[in-house]
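Before any comments, here is the structure.
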Amino acid sequence: MRLIITEKDNAARRIAEILSEGSASAQRRNGVNVYRWGDTRVVGLSGHVVGVDFPAEYSDWRDVEPVELIDADVTKEPTQENIVTTLQQLAEKADEATIATDYDREGELIGKEAYELIREVTDAPVDRVRFSSITEREVREAFANPDDIDFDLAAAGEARQIIDLVWGAALTRFLSLSARQLGDDFISVGRVQSPTLKLIVDREREIQAFDPEDYWEIFADLQKNGSGFEAQYFYDDDGKEAERVWDEGDAEAAYADLRSVDAATVTSVRRRTRTDSPPTPFNTTAFISAAGSLGYSAQRAMSIAEELYTAGYMTYPRTDNTVYPEDLDEEELLDEFVGAGSFGEDAESLLEQDEITATEGDEETTDHPPIHPTGEIPPKVDLSDDEWEIYELVVRRFFATVAEAATWEHLRVVAEAGGRSLKANGKRLVEAGYHEVYPYSSASENHVPDVEEGEELSITEVRMEDKQTQPPRRYGQSRLIQTMEDRGLGTKSTRHNSIEKLYDRGYIEGDPPRPTTLAMAVVEAAEEFADHVVSDEMTAQLEADMTAIANGEETLDTVADESREMLKRVFDELRDSREEIGEHLQESLKADKTVGPCPECGEDMLIRRSRQGSYFVGCDGFPDCRNTLPLPSTGEPLVLDDHCEDHDMHHVKMLAGRDTFVHGCPRCEAEKADASEDEVIGPCPECGDGVAPEEQRGEGGEAAEAHGGELAIKHLRSGSRLVGCTRYPDCDYSLPLPRNGDIEVTDEVCEEHDLPELVVDPDSDDPWELGCPICNFEEYQARTAVEDLEDLNGIGSATAEKLEDAGVDSLDALRDVDPDVIATEVQGVSATQVREWQGELEA
DNA sequence: GCAAGGTC
């Protein structure tokens with residue numbers, strides 16, 4: 001038997017399809033797909049199926065000095081038991097095995113890991129094939145010319161694994177122990193995350209140190225034959241053209257000169273034609289950046305791309321390559337889009353070009369082809385709006401790369417007025433070229449009319465604007481990823497995760513991300529004692545070492561040992577400063593949690609977490625001072641810069657995904673609740689007068705009794721509002737109310753529930769007729785069920801609705817459903833997909 | 001409970 005091993009299931013399936021000419025069939029073995037035909041089996045791994053770690057005796061953070069990790073053994077253990085088992089069971093029966101993992105360094109290492117697992121059970125020969133895109137020609141050629149595993153290249157990858165683990169674990173434990181942060185909130189450090197964090201921190205330092213400068217700009221509206229355009233005053237500053245006037249007196253003088261005349265004379269006209277080349281094919285970074293300008297976070301863009309890839313609509317989204325492979329026939333791919341809805345016309349017009357030549361980027365790699373559509377086109381209804389928007393972006397980017405260049409005509413006009421110079425730069429799109437098919441890059445024109453030298457133009461208005469220089473801008477996520485790539489930090493597959501990790505660790509918040517006080521302290525500590533790990537030099541050095549190992553000039557052991565020695569020197573420095581570092585980190589952690597002064601004792605009030613896991617604001621003087629303020633029950637609190645002047649307290653924001661909201665000053669909220677009276681609106685359906693137990697209660701419900709309970713609109717000290725029973729806590733019946741807006745109780749009464757209809761913000765432009773609170777709550781529950789489904793990865797809104805029609809109207813229903821039944825009942829949903837959702841639900 | 005790199 002011949003065994004073929006790929007890096008992922010998707011690749012296994014497609015390679016089996018190609019090599020078997022379509023005759024391969026799939027079988028599950030230990031929950032892993034195995035593709036078979038004749039005497040061949042193909043199995044896909046899931047990236048690394050073994051991982052590096054320290055032996056068990058090092059696992060307790062308190063029992064081990066972090067420095068001891070430097071010389072600890074590093075072992076490899078299976079992390080994906082099912083896949084390892086399946087691989088070894090198949091290997092036992094194999095006469096030969098072929099490693100067909102991805103064609104890059106990490107793929108070589110993953111291949112070597114598979115090789116070692118195979119060697120544990122058999123001596124059968126193992127060879128290696130390499131191809132950069134899974135096309136018929138490349139795959140056949142690769143399998144016709146098998147090679148051997150490049151153990152040096154794999155060793156280069158292992159050096160990275162060991163060095164990252166040892167540095168990351170030792171320093172992470174050191175900082176966490178020094179600040180006594182051992183729970184979920186440990187303080188992490190790493191070769192990629194720390195330099196990335198430093199980028200953000202450095203930018204924040206620039207912003208904080210920024211001293212704005214005043215300047216003035218002067219604009220004049222010029223007119224020719226009724227057609228107006230704007231020109232800007234400029235002057236000669238040491239041979240350079242300058243628009244900003246730094247002296248107010250100078251600005252006033254220029255402004256006065258320009259206002260003293262009513263015409264300007266054109267002194268120069270320059271026309272230039274500029275070619276605007278179409279964009280290059282998408283690699284991961286360029287894709288994330290383009291999706292970013294459509295408003296998608298890096299994480300979200302990648303997650304949608306993965307779904308579209310898995311569904312077969314686009315190629316693998318993790319690639320560095322910006323050059324289409326020779327195999328890709330652009331014309332054939334365009335043909336697939338002819339007649340395909342909104343893409344059809346554009347595809348046809350592209351096919352009419354004399355020649356179809358794709359652009360090429362600078363990066364040409366062997367890992368995967370650039371991201372492009374596969375030519376299998378999804379029906380629009382099968383995708384959610386977001387999925388479709390991303391799909392369209394990928395299709396149109398491909399279109400753009402085979403489209404013609406655009407041409408612009410630039411028109412520069414200089415005029416003199418009152419002894420001052422004015423200029424205007426016009427821009428006109430002459431040939432739209434790729435802009436016709438790619439609306440994402442700006443094609444905006446700036447109209448400046450045709451004028452000639454010596455011509456007189458009337459001045460209709462002169463404006464002077466006072467401005468200030470602005471601090472540098474914070475990195476947005478896609479700019480950050482671009483900068484990481486430029487500096488060699490992380491990989492196409494990990495950069496977006498690294499940024500996510502910084503959020504999770506409490507190092508950054510908001511979008512664009514801003515560093516917390518803790519992040520500032522971590523970077524400061526690292527800069528002082530372990531500058532290597534917080535600079536991109538560590539990666540640069542590692543890259544150089546890995547290249548040397550791959551070329552056989554260095555060995556894994558010497559490189560790893562040198563790195564260990566270097567880390568020991570870091571720890572020599574750290575040893576004496578442990579307490580000082582710990583205190584600084586703790587102060588910073590406290591600063592991030594400080595809301596304001598306690599009105600009872602003057603100590604700080606901090607965000608704390610109760611034993612039940614809920615957040616509240618508590619006095620740092622505890623237990624001497626037991627003053628607390630409640631917080632809303634949804635989300636994680638974040639202390640904002642905004643300030644309440646009455647109480648000297650920071651506002652608090654509750655982070656809860658799409659339900660994120662600003663709670664405001666916790667004292668204001670509590671006082672508002674204390675000052676408000678409960679407003680009774682009707683009988684409680686559980687314990688009010690007139691309760692009819694047998695009819696109102698379903699079977700199994702506790703027997704309800706009439707106790708005279710009434711429902712009232714209540715304001716809680718945590719800021720939330722609800723309709724609840726006046727007998728609380730004896731009766732805990734409650735209905736939710738919106739957090740914001742005035743609530744009016746109307747005279748209209750719901751007949752079914754005997755409760756008045758409510759209106760939110762009755763005096764606003766857009767009042768919300770909430771209606772009977774019970775009816776409203778029932779509708780709300782039905783609605784969130786669909787939204788819950790949509791939140792599950794891979795369920796678009798169309799699919800969620802179809803599932804609901806089939807009776808799967810909640811996550812619980814989805815959990816209990818038979819995948820095979822749903823697959824037959826709901827079009828476009830496979831049993832495998834349902835199993836994946838169920839797995840996700842379990843997780 | 002550490003990292004970064006694969007993968008879902």
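So that the names make sense, note that chain A is the first sequence line, chain B the second, and so on, each numbered from 1.
At the heavy-atom level, A/Y316 lies under 4.0 Å from the strands shown only through sugar-phosphate atoms. Using a 4.0 Å heavy-atom criterion, one finds that A/D184 contacts no nucleic acid atom at all. Contact annotation for A/L171: no contact, since no heavy-atom pair falls under 4.0 Å across all strands. Within 4.0 Å (heavy atoms only), A/V49 reaches no atom of the nucleic acid at all. As judged by a 4.0 angstrom heavy-atom cut-off over every strand, A/G490 is placed among residues touching the sugar-phosphate backbone only. The residue A/Q80 sits close to a base: some heavy atom pair falls under 4.0 Å. Nucleic acid contact for A/R191: sugar-phosphate only, since backbone atoms but no base atoms lie under 4.0 Å from a heavy atom of the residue. Among the atoms of the strands shown, base atoms are found under 4.0 Å from some heavy atom of A/Q161. Residue A/S59 is classed as a base contact, given a heavy-atom separation below 4.0 Å to a base. At a threshold of 4.0 angstrom between heavy atoms, the contacts of A/R62 include nucleobase atoms, whether or not backbone atoms are also involved.
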Run the side-chain donor-acceptor check on residues 559-566 of chain A: report pairs under 3.5 Å with partners two or more places apart or on a different chain.
residue, atom, partner, partner atom, Å
A/S563, OG, A/W167, NE1, 2.9
A/R564, NE, A/I70, O, 2.8
A/E565, OE2, A/K568, NZ, 3.3

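Classified by interplanar angle (parallel below 30°, tilted 30° to 60°, perpendicular above 60°), the ring pair A/Y313/A/Y391 is perpendicular.
Between A/N10 and A/G168, the one whose closest nucleotide on DNA chain B sits nearer the 5' end is A/G168. Comparing A/L165 and A/D102 by the nucleotide of DNA chain B that holds the closest heavy atom to each, the one mapping nearer the 5' end is A/L165.
DNA chain B lies under 4.0 Å from no heavy atom of any residue of residues 525-550 of chain A.
Within 6.0 Å of OH on A/Y296 lie more than 12 heavy atoms contributed by other residues, nucleotides or ligands.
Side-chain contact annotation: A/T285 with A/E485, donor-acceptor N/O pair under 3.5 Å present.
Nucleotides of DNA chain B with any atom under 4.0 Å from a heavy atom of chain A span, from 5' to 3', B/dG1 to B/dC8.
Without hydrogens or angle criteria, A/T284 side chain to A/P317 main chain gives a donor-acceptor distance under 3.5 Å.
Ion pair A/R105/A/E543 flagged as a salt bridge, since at least one NZ, NE, NH1 or NH2 atom sits closer than 4.0 Å to an Asp/Glu carboxylate oxygen. Ion pair A/D150/A/R128 not flagged as a salt bridge, since none of the NZ, NE, NH1 or NH2 atoms sits closer than 4.0 Å to an Asp/Glu carboxylate oxygen. A/K76 has no carboxylate O lying under 4.0 Å from a charged side-chain N of A/E116, or vice versa, which leaves the two without a salt bridge.
A/K501 forms no cation-pi arrangement with A/Y507, by the criterion of a distance under 6.0 Å to the ring centre and an angle within 45° of the ring axis.
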